[in-house]
Number of protein chains: 4
Amino acid sequence: MGAAKSKRVPRAVREQQMLDAAVRTFARRGYRAASMDEIAEGAGVSKPLVYLYLNSKEELFSRVIRRESAALVAAVTAAVEPGAAADRQLWSGLKGFFAHTAERPDGWAVLHQQARTQGEPFAVEVAAMRAEIVRFVTVLIGAAAKEAGCDGELADREVAGLAHALVGAAESLAEWANARTADGTSAFGVSGERERPTAKETAATLMNFVWAGLGRLMAGERWAPGG
Amino acid sequence: MGAAKSKRVPRAVREQQMLDAAVRTFARRGYRAASMDEIAEGAGVSKPLVYLYLNSKEELFSRVIRRESAALVAAVTAAVEPGAAADRQLWSGLKGFFAHTAERPDGWAVLHQQARTQGEPFAVEVAAMRAEIVRFVTVLIGAAAKEAGCDGELADREVAGLAHALVGAAESLAEWANARTADGTSAFGVSGERERPTAKETAATLMNFVWAGLGRLMAGERWAPGG
Amino acid sequence: MGAAKSKRVPRAVREQQMLDAAVRTFARRGYRAASMDEIAEGAGVSKPLVYLYLNSKEELFSRVIRRESAALVAAVTAAVEPGAAADRQLWSGLKGFFAHTAERPDGWAVLHQQARTQGEPFAVEVAAMRAEIVRFVTVLIGAAAKEAGCDGELADREVAGLAHALVGAAESLAEWANARTADGTSAFGVSGERERPTAKETAATLMNFVWAGLGRLMAGERWAPGG
Amino acid sequence: MGAAKSKRVPRAVREQQMLDAAVRTFARRGYRAASMDEIAEGAGVSKPLVYLYLNSKEELFSRVIRRESAALVAAVTAAVEPGAAADRQLWSGLKGFFAHTAERPDGWAVLHQQARTQGEPFAVEVAAMRAEIVRFVTVLIGAAAKEAGCDGELADREVAGLAHALVGAAESLAEWANARTADGTSAFGVSGERERPTAKETAATLMNFVWAGLGRLMAGERWAPGG
DNA sequence: CATGAATGAGAATTCATTCAT
DNA sequence: TATGAATGAATTCTCATTCAT
């Protein structure tokens, strides 16, 4: 386990190795339970070197959060087709999101599960990235409404709510799709009754659900307790 | 601070005091960062007594999870009207859920944020409760489909997916509605631009969104990438 | 070495044992080089107990400084005869000072050598005690001048300077008299050419020198480079 | 910060730069708290170079002590007028001493405060220099006694004691005159009520006090408790 | 002459847990 | 029923020191 013994590596490379190991460890153990010893060993270096380059556990965690945040945003951004219709943009964005989170489950776990539950210094960093994505989705939904020619039907407030719900649902699905048991194996086994869904399938499920609801709402239909 | 000094309290009562303190502490600090010292002080007893009754930190956390899980399930169960139509049952269940999580934010935080991120022994316990709720919702959606006379349109698999998404969305909203700032105060202040939403409002928002989408899906409409 | 194994000792007693060990260790090694491990072992307890009672190395050092300061001031205060003539008071105070520093060489080393060289938080505490003693000596010299009927001859500024010099000289002599080699043995051995001087002798030496100079100055005699 | 980047500097020069940085750092932080990192950075070189030239922290500190000791002795020696009367020699020596310590406060702090409190290897080195100075002063006082024609009055032992006291007093005054606050600024500010005294003033203060006392003692006058 | 990369050893501090009463 | 006294085992972080280039 750990990287193959490779001495005298340039700093930039070593730092990435350390961040890689840190992502793994933080994802599996959580911020507090992760030990710098384990991270150093995972990176194939001694602890002092980790401190020399990353200064402290707190800063290391911050660096991890920032790197994974940036990677996620980049993946989603790269996936969308700029000029396309709103629904296509949303669709491609979702595919990109699910593909990225499936590819880097540890990174996603750190962002979604660990960073958000560690309070002030860290939760804020993830919140910022999340806000950026919500904003993007809000714009898309607004555009879709306009394209559908139903400007007045959806209040801004409602659009924002929908965006928030959509993002939340996507996060939930991503977590579920990447679920893994404690021993690190996938929760979807050959012996299990179902296979791990592909990013495309997951995106379709969500898109389907959301777009249908959206259509009705734009048509002015609401649910009421009385009904 | 803590309970007023009261000696010779019967065991059952003391245990509840301890669990109360533990919920508070685990919610605010997380499992690892919470110290048995703080919990004992919060309960107004000495540490050895906590160990005498609850045996270990791990067992204490388990007990907390089980107590809060049971309370949540009980609250939701008590809220639904047994004989009513599926949509009304869902609606009242959601109200019950949001009301309970709003009333016991620490309990919800322990279940949703802390227990799930601590791996094997604990995550499993919450997962069991969650599965129970998902099953309940699945039945409701199935019933709704039958009531709407569209048996064949929704595959079982799809129903399950919808139930999962619905539960996930509800969790997301509950977390958001109970958000608190680092200093422990509510994120929705008198001076803020918006008030903390009531359980009823939150339930309505979700119900609206979900029911609309559900209706369309049951009518056989789907979104397809082809546009 | 260390206290005999004695379990279950009341807190107040244990704290004194810890402070005793700390004085020894700080005196021999200096603040930085002293390890909490060594102090704990010296006190015959485990490290966590030291932290439980004294909180941190810094606070432990503070407590040591305050305890030793108080003991020194108490010893000097107890030694002077309140109603006596100024010179007798000075004499008895000096005897008390040298006796105390001879009896507790480690305490004196901590105050005089270690605390003063550790900067802000600690140096200030010793400085306060020292200032108290300088003030006391200043008053005595002033009284002596008045008794000798030479009010105008000695300016206040000069009196203060003399007090300062006198205290400095006493400190210097105390350090010298208690000098010990690195292996902890007295610097004045049987085989050496001289015995360690008694407190009385040291006091006499200083008193003699100071009083003589003081007399001349009060008589208005000064040294001038031209001479 | 540190010296301007200048490559390929001859060894002798580099060593002095390192010693300069070391004096600064040891004076401000103490032996233990001073880090080789800080010293290297202060000297504007890499750490390995420091080790290449000075071998170890211990040896570096030794070199510092020896350099500063030698400088101090040289300054005092250069100041005295060889053929002059004893009192003039003492006077000029004191002036030289105070001038030197004022000019190199860090060097003096290392000798007087740090080296003496670090035990065996270092304390001995300063002690040796100090002994040399005490011997010099002893000779001067003896000469003065002879000049004053009072050979028998002062026992050798007493002369030695006086020399010791005189040196101690001088050290004390030097420390006091060079006192600096924690933030590194002089304790005597423009805004303060008094200016930092000049070397000449400090020397006069001490000379005055000592010479007066000395005179009386040589005249055979003693203080006795019986008073 | 000079340095970027790397580490073994040890420091302070915390915490879950137990013992004796 | 209840607790003051006590500790083994980590954990984060620092530092003097060396190697390969």
Side-chain angles (χ1 to χ4, degrees), chain A residues 6-14 32-40 44-60, chain B residues 5-11 13-14 32-40 44-60, chain C residues 6-14 32-40 44-60, chain D residues 5-11 13-14 32-40 44-60:
Chain A
S6 57
K7 300 237 153 182
R8 301 280 138 177
V9 170
R11 174 167 182 160
V13 176
R14 269 281 190 257
R32 292 291 300 230
S35 89
M36 295 297 271
D37 265 305
E38 185 177 348
I39 292 172
V45 298
S46 71
K47 232 186 324 171
L49 198 59
V50 178
Y51 278 92
L52 187 61
Y53 287 172
L54 280 328
N55 300 321
S56 72
K57 192 182 185 182
E58 195 169 332
E59 196 170 326
L60 171 55
Chain B
K5 207 61 168 283
S6 57
K7 300 231 157 185
R8 302 279 140 179
V9 171
R11 173 161 182 162
V13 176
R14 270 280 192 255
R32 290 294 297 230
S35 86
M36 295 297 272
D37 264 302
E38 186 176 345
I39 292 171
V45 298
S46 71
K47 241 185 318 174
L49 196 59
V50 177
Y51 278 89
L52 187 62
Y53 287 174
L54 281 327
N55 300 317
S56 74
K57 192 184 187 183
E58 195 170 331
E59 195 171 326
L60 170 57
Chain C
S6 57
K7 298 239 154 181
R8 303 277 138 181
V9 172
R11 174 166 181 158
V13 176
R14 269 282 190 258
R32 291 292 299 231
S35 88
M36 294 298 270
D37 264 305
E38 185 176 346
I39 292 172
V45 297
S46 71
K47 233 188 322 170
L49 199 60
V50 178
Y51 278 91
L52 187 62
Y53 287 171
L54 279 329
N55 299 320
S56 71
K57 193 182 185 182
E58 194 169 333
E59 196 169 325
L60 170 56
Chain D
K5 208 58 168 283
S6 56
K7 301 232 157 184
R8 306 277 138 181
V9 171
R11 172 161 183 159
V13 175
R14 270 278 191 259
R32 290 292 298 229
S35 86
M36 295 297 272
D37 265 302
E38 186 176 346
I39 293 171
V45 298
S46 71
K47 241 186 318 173
L49 197 59
V50 178
Y51 278 89
L52 186 62
Y53 287 173
L54 281 328
N55 299 320
S56 74
K57 192 181 186 184
E58 195 169 331
E59 195 169 327
L60 170 56

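Numbered from 1 within each chain, the chains take letters A, B, ... in sequence-line order.
- Atom C1' of nucleotide F/dT11 and atom CD of A/Glu38 are separated by 13 Å, given to the nearest angstrom.
- Of the candidates E/dT7, E/dA12, E/dA6, E/dA12 carries the atom nearest the C/Met36 side chain, counting heavy atoms from C-beta on.
- Once rounded to the nearest 0.5 Å, the distance linking CE of B/Met36 with NZ of B/Lys47 reads 8.5 Å.
- With distances taken from any side-chain atom of D/Pro48 to the nucleotides F/dT12, E/dA5, E/dA12, the minimum falls on E/dA5.
- Checking A/Val45 against D/Val45, the closest nucleotide of DNA chain E that is more toward the 5' end is the one next to D/Val45.
- In this structure, the CG atom of D/Leu60 is 10 Å from the P atom of F/dT17, given to the nearest Å.
- In this structure, D/Lys47 places its NZ atom 7 Å from C1' of F/dA16, rounding to the nearest Å.
- In this structure, C/Leu52 atom CG and F/dA5 atom P are separated by 9 Å, rounded to whole Å.
- Atoms CG (B/Leu49) and C1' (E/dT21) sit 15 Å apart, rounded to a whole Å.
- Of all heavy-atom pairs between B/Asn55 and B/Leu52, the closest is OD1-O, 4.1 Å.
- The residue A/Pro10 sits close only to the backbone: its heavy atoms come under 4.0 Å of sugar-phosphate atoms, none of a base.
- Minimum interatomic distance between C/Ser46 and C/Ala40 (heavy atoms only, all atoms of both residues): C-CB, 3.9 Å.
- When rounded to the nearest whole Å, the span between CD of C/Glu59 and P of E/dA12 equals 15 Å.
- To the nearest 0.5 Å, the span separating CZ on D/Arg11 from CG on D/Leu49 amounts to 9.0 Å.
- Rounded to an integer number of Å, the gap from CD of B/Glu58 to P of E/dC15 is 18 Å.
- Both C/Arg32 and A/Asp37 lie near DNA chain F, and the one whose nearest nucleotide falls closer to the 5' end is A/Asp37.
- When both pairing distances are held under 3.5 Å, F/dT17 makes a Watson-Crick or G-U pair with E/dA6.
- Among all heavy-atom pairs drawn from A/Val9 and A/Arg14, the shortest one is CG2-NH1, 3.6 Å.
- The residue A/Ala34 sits close only to the backbone: its heavy atoms come under 4.0 Å of sugar-phosphate atoms, none of a base.
- When distances are taken from the side chain of B/Ser46 to each of F/dT3, E/dT13, E/dA16, the shortest belongs to F/dT3.
- For E/dA2, the OP1/OP2 oxygens have a side-chain nitrogen or oxygen of D/Arg14 closer than 4.0 Å.
- Side-chain proximity of A/Lys57 to F/dC13, E/dA2, E/dT17: nearest is F/dC13.
- Taking only side-chain atoms of D/Tyr51, from C-beta outward, the nucleotide of F/dT18, F/dA5, E/dT13 with the closest atom is F/dT18.
- Out of F/dA20, F/dC13, E/dA2, the shortest distance to the side chain of D/Tyr53 is found at E/dA2.
- Residues C/Ala33 and D/Arg32 share a closest heavy-atom pair of CB-NH1, 3.6 Å.
- Regarding D/Leu54, its CG atom lies at a distance of 14 Å from the C1' atom of F/dA16, rounded to whole Å.
- Judged by distance alone, with hydrogens and angles left aside, D/Arg11 brings no side-chain donor or acceptor close enough to the base of E/dC1 to form a pair under 3.5 Å.
- Among E/dA11, E/dT7, F/dC15, the nucleotide with an atom closest to any side-chain atom of D/Ser35 is F/dC15.
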